[in-house]
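Remember, predicted model here, so these are calculated numbers, not experimental data. Chain A is the first sequence line, chain B the second, and so forth, proteins listed ahead of strands; every chain is numbered from 1.
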Number of protein chains: 2
Amino acid sequence: MKLTESREKFINAWGTLGTSWGINRTMAQVHALLLISADALTTEEIMEELNISRGNTNMNVRTLIDWGLVQKELRAGERKEYFVAEKDIYKVFKQIAKERRKRELEPIFKVLDEVKKVDGDKRDKNIKAFVDTIEQIERFTTKADRTLETLIKADENWLMGSFMKLMK
Amino acid sequence: MKLTESREKFINAWGTLGTSWGINRTMAQVHALLLISADALTTEEIMEELNISRGNTNMNVRTLIDWGLVQKELRAGERKEYFVAEKDIYKVFKQIAKERRKRELEPIFKVLDEVKKVDGDKRDKNIKAFVDTIEQIERFTTKADRTLETLIKADENWLMGSFMKLMK
DNA sequence: ATAAACTTTCAGAAAGTTTTGAAAGTTCGG
DNA sequence: CCGAACTTTCAAAACTTTCTGAAAGTTTAT
């Protein structure tokens with residue numbers, strides 16, 4: 001398979017994967033493109049490679065920068081901005097985990113906390129079913145969250161070490 | 001806060017969370033409703049509680065059954081089907097992980113495998129950047145996948161034990 | 001065999017999300 | 001301060017996904 005074809009295939013696959021993880025297709029594709037490019041790219045180059053508009057490119061590159069997955073690179077004597085992706089895949093997953101934790105897990109914790117203060121007799125089976133479920137979810141997610149936090153803070157070797165241990 | 005209000009709040013939060021994880025909002029809401037209900041519910045009851053159509057209810061309940069998160073419950077002498085959710089939250093997350101692994105990780109492995117067989121001189125920096133990235137992703141995802149598989153197969157206590165260890 | 005009680009399907013409508021592209025904004029050298 | 005080179009914004013359009021509800025299908029009792 002030719003490089004061009006392989007690249008295209010990978011970019012598409014990454015875009016599809018992104019979609020089912022709640023990340024928009026184009027954002028995932030821009031990320032994939034930058035990941036596999038040896039050099040930093042300009043807006044113009046991204047537009048051309050992916051056949052997308054300037055506005056779309058700008059918006060998605062900006063989001064990737066917000067997520068800490070892409071950085072601007074300035075070149076002496078040039079006006080244009082160049083973009084490079086973080087190439088270390090561990091860092092990439094760590095960043096994503098961090099971002100999503102903030103955007104998704106934190107709000108749910110807030111709701112769980114609020115919602116479990118339901119009033120009424122705990123012997124009522126409907127109240128009991130509700131409270132029990134909420135508490136179980138809270139216990140589980142708190143544990144999962146702490147684990148995630150540990151992983152996020154940990155350095156790469158530690159991360160690998162933990163995975164290794166888990167795998168026995 | 002009244003039970004009705006709490007329930008509604010939780011159902012909505014769960015629905016929103018689902019959305020950002022690529023699970024459709026209604027499916028997540030039906031799941032939430034069944035999770036917090038003391039008794040099994042009929043299609044009719046789900047329709048009424050969530051204000052959704054018969055077709056929509058049927059489709060989403062069916063998908064939840066496919067995912068192994070909900071079961072049919074038949075009652076002697078009754079024609080209607082009753083639905084109950086798996087209440088053990090560990091099992092719920094395990095099932096979801098299993099499902100998504102099959103639908104999302106497996107296809108990406110296939111692509112990575114295909115795509116890394118790119119032809120051309122490995123000293124070309126573009127080919128090198130591409131192949132290096134693909135290999136890194138493959139190594140990482142394979143490890144993550146094995147860990148996931150181990151977790152899926154493991155029983156609940158083992159799962160908790162592992163989490164505990166990770167948390168130190 | 002029929003009818004009642006249910007469940008499933010599916011085409012079109014509605015809702016939600018993403019993309020475009022032109023216009024507005026910014027920055028910098030001279 | 002001007003104009004060229006770029007970046008950002010945003011309303012409208014295109015696309016995607018989800019939902020509705022009526023019709024078709026299935027099952028069971030008699």
For B/Glu114 and A/Lys9, what are the C-alpha separation, side-chain angles and deciding distance, and is it a salt bridge (charged side-chain N to carboxylate O under 4.0 Å, His left out)?
CA-CA 9 Å; B/Glu114 255 174 73; A/Lys9 214 164 196 166; 2.7 Å; yes
Got a sec? Which of residues 39-52 of chain B come in under 4.0 Å of DNA chain C, heavy atoms?
B/Thr43
Quick one: do A/Glu73 and A/Arg75 make a salt bridge, cutoff under 4.0 Å?
yes
State which of D/dT20, C/dT19, C/dC6 makes the closest approach to the side chain of A/Thr26.
C/dT19
Charged N to carboxylate O below 4.0 Å: is that the case for A/Lys102 and A/Glu106?
no
Rounded to whole Å, how long is the line connecting atom CG of A/Leu74 with atom C1' of C/dT27?
12 Å
5′-ward residue of the pair B/Arg79/A/Gly22 relative to DNA chain C:
B/Arg79
For B/Glu78 and C/dT7, what is the distance between atoms CD and C1' respectively, to the nearest whole Å?
16 Å
Base, sugar-phosphate, or nothing for B/Asn58, non-hydrogen atoms under 4.0 angstrom?
base
If I take atom CD in residue B/Glu81 and atom P in nucleotide C/dT8, what distance separates them, rounded to the nearest angstrom?
6 Å
Reckon A/Asn24 touches a base, only the sugar-phosphate, or nothing at all at heavy-atom distances under 4.0 Å?
sugar-phosphate
Is the backbone N or O of A/Asn56 less than 3.5 Å from a side-chain atom of A/Asn60, with the two atoms forming a donor-acceptor pair by type?
yes
To the nearest Å, how far apart are A/Arg25 CZ and D/dC15 P?
11 Å
Over-ring placement of B/Arg100 relative to A/Trp21, 6.0 Å and 45° cut-offs:
yes
Using a strict 4.0 Å threshold on nitrogen-to-oxygen distance, state whether A/Arg7 and A/Glu49 make a salt bridge.
yes
Is the base of D/dT8 touched by the side chain of A/Arg62 through a donor-acceptor pair closer than 3.5 angstrom?
no
Audit row: B/Glu45, B/Thr42, side chain to side chain donor-acceptor pair (under 3.5 Å) steps and yes/no:
CA-CA 5 Å; B/Glu45 289 167 318; B/Thr42 61; 3.3 Å; yes
Between A/Tyr82 and A/Asn56, the residue closer to the 5' end of DNA chain D by nearest nucleotide is A/Tyr82
Proximity to the side chain of B/Arg54 - top-ranked nucleotide from D/dC19, C/dT7, C/dT19:
C/dT7
Over how many whole Å does the gap from A/Lys80 atom NZ to D/dA4 atom C1' extend?
13 Å
I need the CE-P distance between A/Met59 and C/dT20, as an integer number of Å.
12 Å
Output the rounded distance in Å from CG (B/Asp66) to P (C/dT8).
11 Å
